[in-house]
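Convention: sequence-line order gives letters A, B, ...; per-chain numbering from 1.
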Amino acid sequence: MVELSEPFLELNGITKRFGNFVAVDDVNLEITEGEFFTLVGPSGSGKTTMIRMLVGMDAPSDGEMRLQGRVMNDLPANKRPTCMVFQSLALFPHKSVGENIEFSMKITGKDKVKRRARVDQLMEQLRLPLSYYEKSVTQCSGGERQRIALARALAFDPQILFFDEPLSALDFRLRKALEKELKDIHRETGKTFVYITHSLEEAMVMSDRIAIMREGRIVQIGTPHEIYNNPKNKFVAQFMGEVNTLSVEKAGENTLRVTGFDDIFTVTDDLSDFTTGFLIIRPEVMKIGRSAADMKNKIKGIAFNDYALGSRVQYQIRIEHFDEPWLVERLQDEPYEGQRGDTVDIGWRPEDSILVSN
Amino acid sequence: MKASRSQNLSRRFIILWTGVVIAFLYVPMIAVVLASFSKQRYFKFPIQSWTDKWYQKAFSSLSVRELLWTSLSVAALVTIISVVLAFFGALAFARYDWKGRKLYQRLILLPIFFPQAVLGLAMLLWFSAIGVITSWQTAVFAHLVWITPIVILIMSIQVYSFDPALEEAAYDLGATRWQVLTEITLPILSPGIISGAIFAFLLSWGNFPLSLFTTGADQTIPEWLYAKMVSGYTPMVPTLGSLTLSSAAVFLLIAYIIWLAISARQRRMENR
Amino acid sequence: MAKTSQSNMSSWLKQPGVLAALPASLFLLIGFAGPLLLVVAYSFMPSKTFTLLQAPTIENYSSIISDSYYISFFWSLAMALTTVVLLFIICYPIAYGMAKLFNKWANLVTALIAVPILISENIRLFGWVLILLKNGVFDGSMQSLFGLSISGLLFTVPAITLGLVYVYLPFMLFPLVIGISMVPETLKEAASDLGATRWQIFREIELPLSMPGLMIGGILTFVLVLGSLAEAKILGGQAIVMIADDIESAFTFAQNWPKGSALSVLLIALSGIIVFLLFRRVDLDRVIGRR
């Protein structure tokens, strides 16, 4: 039972240098068996380099990768018990749907009957019509191609399945549907999935745990819930979407002053170790107009713009001494009653703001 | 680690092999140039004594001047006509989507695949059937049949990377079809047009199998060389060979410089 | 009915593509299709006639078989096949290097290999004559370095093969480069990730996907060698007679146009069938436009 407590995939001090440029910098990570783990980061954060090393297409300059305790640094991609779904999907255009799916089994010399049985099973699981076996992959739709790529990887029976942003080229609706489908397949197969994407939103929907990368380093690891509620710093908070960010310093026992100004705001956080940092307030927790009039944290500004965001409306409030406009969001069916150009109160409850360090 | 060592080895092999093959391509040409400076009337290697008398002889010979003039006239005319024909031909090949394009693409390339000697003989029959006496002008016609498709192919490579939206945008901004052609299409495609012209000129300049049957009483340099070659060695063969070789090289160099200048200007414009 | 088909025709003609295709197409109709049809017509005329007014006959074709012309056909086919195989072996490593390894050097290598195409074939072949000649570059070097004379290299079948490989090398190489560079790296990575070895990647992914380039290169060189004239005459002397040589002497030396035409038609048909089979399997837009 000792083995079970060991991490399934373990990275110790993984570093990748290209000349003087450090693409991945001393990454330490543990992934448990059966987990849906997502690496999120903007382009250039090192996530693609990271996954290429994990799959075995690039070798790390430093550090150690272990799969079930076994070091796999020097194992080439074709000897690793892991497999990837490529961003381009990399479906073989000269092979049919069936031939693509059974590729890894053909390579290992499995007999035709067994191959076919497994392909049929996978096609059924991924809701691909069995008649597609002979169809050319170039004639399949975007969603079908995703499923074929996934089936091909599953046919390999990998211990870990890696995903390199396979959904990024799809339109919004199809992407949303496939995100959920992928999550279902993860549950059905019980395999370990490691996914990379630049969209935190996508990561939130699917993952058990998320690691956020920036400039080759991991900034924060946690469940979607933890990351949403307790972003570790300004970068993570802003990465989640549009937020109001204020540079603040400690003013009293539970009050903060906006750096360089006189505005004082109240928070519920413990400020005993705090000196300076950032106060993050999401647009959707903001109140505007009459409902903000008697709030503890409030400020006056001019509502100068509004945008329909589907189910919500976003207002931009210009506050005299701040450069950036303040963002406030309300539900579509309970809009702010004032006019454009009105001076208005906006405010929020102390417990709704998030305080992060530098 | 083992894999990368064998990869390094095959990499070295490929580089070495490429070097050997390139040397293989140039060795005979070097031999021709060396032979043209040999004093002996019969070629013997290593060369004992050197001379430039064959060149003096060639430059003062009237028949050599006539050969040069014929070759040059043919090549120049072929270049001009084939570039015009091929420019539109390449647009039809790669730019426009039209019914019948696939068939056109296949038919237009057929002459390239055609044995040139047979093509030359067929042209000879054709000219005699329609009552045209063969001369260097008929050779121009014959060269064009083979060279125009090649120039179409070369220009098409660039036309494929040409974004039709650029033409549409100019048209949308009020340009006439003619202005679109001169302001947008021609300047953008100019590197491809120049590459096509270089090929047209040099392929015509060096062509032998078509000229052999279609020049009639006129003679181009490659024809003359062939006639002398098969009838035994004379020092004028390497001399005239070296002369055509070096004039082709000079032409290529000049054309390359022009091509570089134009594509550099284009890149500057794009990066501006 | 007639009216609608007429308006269909005129609307087809108004397409810019058709207009652009017209000049070159018309020119080749006169300059290529015309002579071709004439050759076909002459091939059915009685032997040694110079007009098309005689009653058609197939005697030229039937006499080809009895006149042992099949020997020169055989030599042409054998030389073409040998050249294609040799060229494939010689060119594949270089093409791979140009497509995948040389990066910025690839342009220089391309230029160095392309330039000789632009130098008259005769001059380059004459260079080989100088090298292979008795007392030539090779023989002379051997004599002065080692004191042994190696003559008799010229006017042999290997000398012709050398000339053919030499002249047609770029025509195999460049299509091969395009073919190999059409194989996306990610597909090879994906195959490797799925457990394929280097040999399996070559056989399952690289070879089939670079096939269009390989086929164009192979067939282009095959057809060019089939119709080649100068190599066998300049480097081979009387060693063998290839079919283009036979055609030339039928037209010129023997003054037998119908016989020469019949031989030409056979050669054209042979090349034509091969090229047709190629074009049926290759999408030109993809190969030339790299789409």
To the nearest 0.5 Å, tell me how far [X] [atom1] sits from [Y] [atom2].
X         : Y         : atom1 : atom2 : answer
Ser25(C)  : Tyr104(B) : OG    : OH    : 5.0 Å
Arg124(C) : Met29(B)  : CZ    : CE    : 6.0 Å
Ile113(C) : Ile22(B)  : CD1   : CD1   : 4.5 Å
Leu125(C) : Met229(B) : CG    : CE    : 7.5 Å
Leu169(C) : Leu25(B)  : CG    : CG    : 5.5 Å
Leu22(C)  : Leu85(B)  : CG    : CG    : 11.0 Å

Can you tell me which of [options] forms the most heavy-atom pairs within a distance under 4.5 Å of chain B?
options                                   : result
Asp139(C), Ile30(C), Leu37(C)             : Ile30(C)
Leu28(C), Ile243(C), Leu229(C)            : Leu28(C)
Leu52(C), Asn122(C), Ile131(C), Asn135(C) : Asn122(C)
Leu38(C), Leu36(C), Leu130(C)             : Leu130(C)
Ser271(C), Pro23(C), Gly34(C)             : Gly34(C)
Pro116(C), Gly97(C), Ala114(C), Ser264(C) : Pro116(C)

Tell me, side chain or backbone of [X] under 4.5 Å from chain B's heavy atoms, or both, or neither?
X         : result
Val18(C)  : both
Thr51(C)  : neither
Gln15(C)  : side chain
Ser228(C) : neither
Phe138(C) : neither
Tyr96(C)  : side chain
Leu112(C) : both
Ser144(C) : side chain

Flag the pair [X] / [Y] as yes when at least one side-chain heavy-atom distance between them is below 4.5 Å, and no otherwise.
X         : Y         : result
Phe114(B) : Phe32(C)  : yes
Ser120(C) : Asn207(B) : no
Ile94(C)  : Ile14(B)  : no
Glu167(B) : Pro16(C)  : no
Val109(C) : Thr18(B)  : yes

Looking at [options], which has the largest count of heavy-atom pairs under 4.5 Å with chain C?
options                                    : value
Ala142(B), Pro238(B), Pro111(B), Ala86(B)  : Pro111(B)
Ser82(B), Ala90(B), Ala35(B), Pro46(B)     : Pro46(B)
Leu121(B), Val118(B), Leu110(B), Ile198(B) : Leu121(B)
Ala117(B), Ala248(B), Pro222(B), Gly89(B)  : Pro222(B)
Ile47(B), Val32(B), Leu125(B)              : Leu125(B)
Leu225(B), Thr148(B), Leu245(B)            : Leu245(B)

Contact summary for [X] and [Y], nearest pair of heavy atoms:
X         : Y         : answer
Ala31(B)  : Gly127(C) : CB-O, 4.1 Å
Leu144(B) : Phe27(C)  : CB-CZ, 3.3 Å
Phe43(B)  : Gly136(C) : CE2-CA, 4.0 Å

Region of [X] that comes under 4.5 Å of a non-hydrogen atom in chain C:
X         : value
Ser242(B) : neither
Leu212(B) : side chain
Val20(B)  : neither
Val145(B) : both
Phe127(B) : neither

Under the side-chain contact (heavy atoms from CB on, under 4.5 Å) test, which residues partner Pro35(C), sequence neighbours left out? Ala122(B), Met123(B), Trp126(B)
Validation row, ring centre [X] to ring centre [Y] under 6.0 Å:
X         : Y         : value
Phe126(C) : Tyr226(B) : no
Phe251(C) : Phe213(B) : no
Phe24(B)  : Trp128(C) : yes

Check the surroundings of atom CZ in Phe50(C): do more than 12 heavy atoms from other residues, nucleotides or ligands lie under 6.0 Å from it?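 Yes, because the 6.0 Å sphere around CZ of Phe50(C) holds more than 12 heavy atoms from other groups.
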Are more than 12 heavy atoms, taken from residues, nucleotides or ligands other than Lys102(B), located less than 6.0 Å from that residue's NZ atom?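 Buried by this count: over 12 neighbours within 6.0 Å.
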Check the pair Tyr96(B), Leu19(C) against side-chain contact (heavy atoms from CB on, under 4.5 Å), reporting the backbone distance first and the verdict last. CA-CA 10 Å; Tyr96(B) 298 111; Leu19(C) 289 175; over 6 Å; no
Test side-chain contact (heavy atoms from CB on, under 4.5 Å) applied to Phe113(B) and Ile274(C), step by step: CA-CA 10 Å; Phe113(B) 290 87; Ile274(C) 296 168; over 6 Å; no
Step by step, would you call Trp257(C) with Ser128(B) a side-chain contact (heavy atoms from CB on, under 4.5 Å)? CA-CA 12 Å; Trp257(C) 289 8; Ser128(B) 88; 3.4 Å; yes
Criterion side-chain contact (heavy atoms from CB on, under 4.5 Å) on Leu118(C) and Trp205(B), from CA distance to verdict: CA-CA 8 Å; Leu118(C) 303 170; Trp205(B) 174 254; over 6 Å; no
